[in-house]
Protein chains: 2
Amino acid sequence: MRKMNNKNKTFIDKLRSSGLRPTNQRVEISKFLFNRKKTFHFTVEELKNSMNSKRSKKISTATFYNTVHALKSAGHLKEFSLENNTSCYDTNITSHHHFFDDGKVIDIKSDKITFQKLPEAPKGKKIKNVEVVIRLENNN
Amino acid sequence: MRKMNNKNKTFIDKLRSSGLRPTNQRVEISKFLFNRKKTFHFTVEELKNSMNSKRSKKISTATFYNTVHALKSAGHLKEFSLENNTSCYDTNITSHHHFFDDGKVIDIKSDKITFQKLPEAPKGKKIKNVEVVIRLENNN
DNA sequence: CACCTACTTTAGAATAATTATAAAGTAGTT
DNA sequence: AACTACTTTATAATTATTCTAAAGTAGGTG
Ligand SMILES: [Mn+2]
Ligand SMILES: [Mn+2]
Ligand SMILES: [Zn+2]
Ligand SMILES: [Zn+2]
């Protein structure tokens, strides 16, 4: 049985609401993802390397994938594809947009982009969300 | 030496301007891609299956990948990632946007979406392009 | 506490998309 | 016809991801 303080509360709740028991591995992952000032973007491989490089007892790849998937399904993470066809996860789950700058992904707050005109959804369909990617290149 | 008529001209030129000699396999691929009324979206696997199912002598996977990559590099195809992290190619190389409806990808003409506000690029950078994806779901 | 059972973790195998390799084929040129 | 460079292809390798099945762990029960 593991002692838990109020600071742990939020990220443990995210596990619970994802249908996951707060085991040690999952708590560490959820803490790493959510117990920080700024949101960020990561691939599962990056997450695994960041966390496991600091640990003696490594967390397995399958646990990273399973935990991230459950958090994503519960709506605690957003997922999108990078240009090299790998999944990138976003701890910022608010509706927002992105700059793609070479490998880097940078948030654009939702209110920084507004539309003058948007098409209607085809009949029988409705719009689930609208996401903008602005690709960057160097000046000159 | 292969007889060629004017109708072949355009898609053979796309091969030449991609640095590819117009061999039989490449001509057939380029013809399949560009010698049609409407533009379309495809994965390499779909392209390979569509073409090879009609042929006795199959074109190899590597030739599909090599040819598509060269056409893409020369700007005759656009590439983007589907939600399952596979590459989708677009014979419509004009700047435009997409509906993502389950597995289906539908073009949105550029003038159907206009912006009221767009963010500036970070210093040292400029905007290469702006692409919008509108995800659809069923009504009700 | 001892036990049960369901859930969890993990190493390793499997899969899927893509890329690399290297041998055999082909075409344009002399 | 012979030469050479480019091309095609089968197959192996790689990468990201998912699956499998065995071993580990945690709550609840008596
Ligand atoms: Mn890939
Ligand atoms: Mn994949
Ligand atoms: Zn983001
Ligand atoms: Zn398109």
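Put simply, A:Q25 has a side-chain N or O that comes within less than 4.0 Å of OP1 or OP2 on C:dT10. The shortest distance between the side-chain N/O atoms of A:T23 and the OP1/OP2 oxygens of C:dT9 is below 4.0 Å. Within the 4.0 Å cut-off from OP1 or OP2 of C:dT9, not a single side-chain nitrogen or oxygen of A:S60 is found. Taking 4.0 angstrom as the limit, B:K57 places a side-chain polar atom (N or O) nearer than this to OP1 or OP2 of D:dT9. Contact annotation: A:R26 reaches the phosphate of C:dT9 (side-chain N/O to OP1 or OP2, under 4.0 Å). Regarding contacts with the backbone of D:dT7, every side-chain N or O of B:N66 stays at 4.0 angstrom or more from both OP1 and OP2.
As rounded to whole Å, 8 Å separates atom P of D:dT9 from atom CZ of B:R55. The nearest whole Å value for the distance from the CD1 atom in B:I59 to the P atom in C:dG25 is 18 Å. The distance from atom CZ of B:F64 to atom P of C:dT19 is 16 Å, rounded to the nearest whole Å. To the nearest angstrom, C1' of D:dA16 lies 12 Å from CD of A:E79. Distance, A:R16 CZ to C:dT8 C1': 15 Å, rounded to whole Å. Atom CG in B:N85 sits roughly 13 Å away from atom C1' in C:dT18 (whole-Å rounding). Across the protein-nucleic acid pair, A:L20 atom CG and C:dT9 atom C1' stand 13 Å apart, rounded to whole Å. Going from atom NE2 of B:H69 over to atom P of D:dT7 covers 17 Å, rounded to whole Å.
The environment of A:K38 atom NZ is sparse: at most 12 non-hydrogen atoms of other residues, nucleotides or ligands sit within 6.0 angstrom. The neighbour count for B:K58 NZ, taken as heavy atoms of other residues, nucleotides or ligands under 6.0 Å away, is above 12. Other residues, nucleotides and ligands contribute at most 12 non-hydrogen atoms within 6.0 Å of the NZ atom of B:K112. Other residues, nucleotides and ligands contribute more than 12 heavy atoms inside 6.0 Å of the CG atom of A:N129. Around atom CD of A:E120, no more than 12 heavy atoms belonging to other residues, nucleotides or ligands sit under 6.0 Å away.
Side-chain atoms of B:R16 do not come within 3.5 Å of backbone N or O of B:I12 as any donor-acceptor pair.
Nearer to the 5' terminus of DNA chain D, by closest-nucleotide assignment, is the contact made by B:R21 (compared with the other of B:T63 and B:R21). A residue-by-residue look at A:T67 and B:Y89 shows that A:T67 has its nearest nucleotide of DNA chain C further toward the 5' end.
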Produce the list of close N/O pairs, under 3.5 Å, pairing protein atoms with atoms of nucleotides 19-21 of chain D; give distances to one decimal.
none

Using a cutoff of under 3.5 Å, can you pull out all pairs of nitrogen or oxygen atoms linking the protein to nucleotides 13-15 of chain C, with atom names and distances?
none

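Of the inter-residue distances, the one linking B:R55 atom CZ with B:Q25 atom CD reads 7.0 Å to the nearest 0.5 angstrom. Atom CZ in B:R26 sits 9.5 Å away from atom OG in B:S18 (nearest 0.5 Å). Put simply, OG1 on B:T61 and CG on B:N52 are 7.5 Å apart, with the number rounded to the nearest 0.5 Å.
A:S87 comes within 4.0 angstrom of sugar-phosphate atoms only, judged by non-hydrogen atoms across all strands, and of no base. Using a 4.0 Å heavy-atom criterion, one finds that A:K48 contacts no nucleic acid atom at all.
Listed by first and then second residue, the ring-ring contact (aromatic ring centres under 6.0 Å, His included) pairs that reach into residues 91-114 of chain A are A:H41-A:H98, A:F80-A:H98, A:H96-A:H98, sequence neighbours excluded.
Of the candidate nucleotides D:dC6, D:dT17, C:dT19, D:dT17 has the atom nearest to the side chain of A:Y65.
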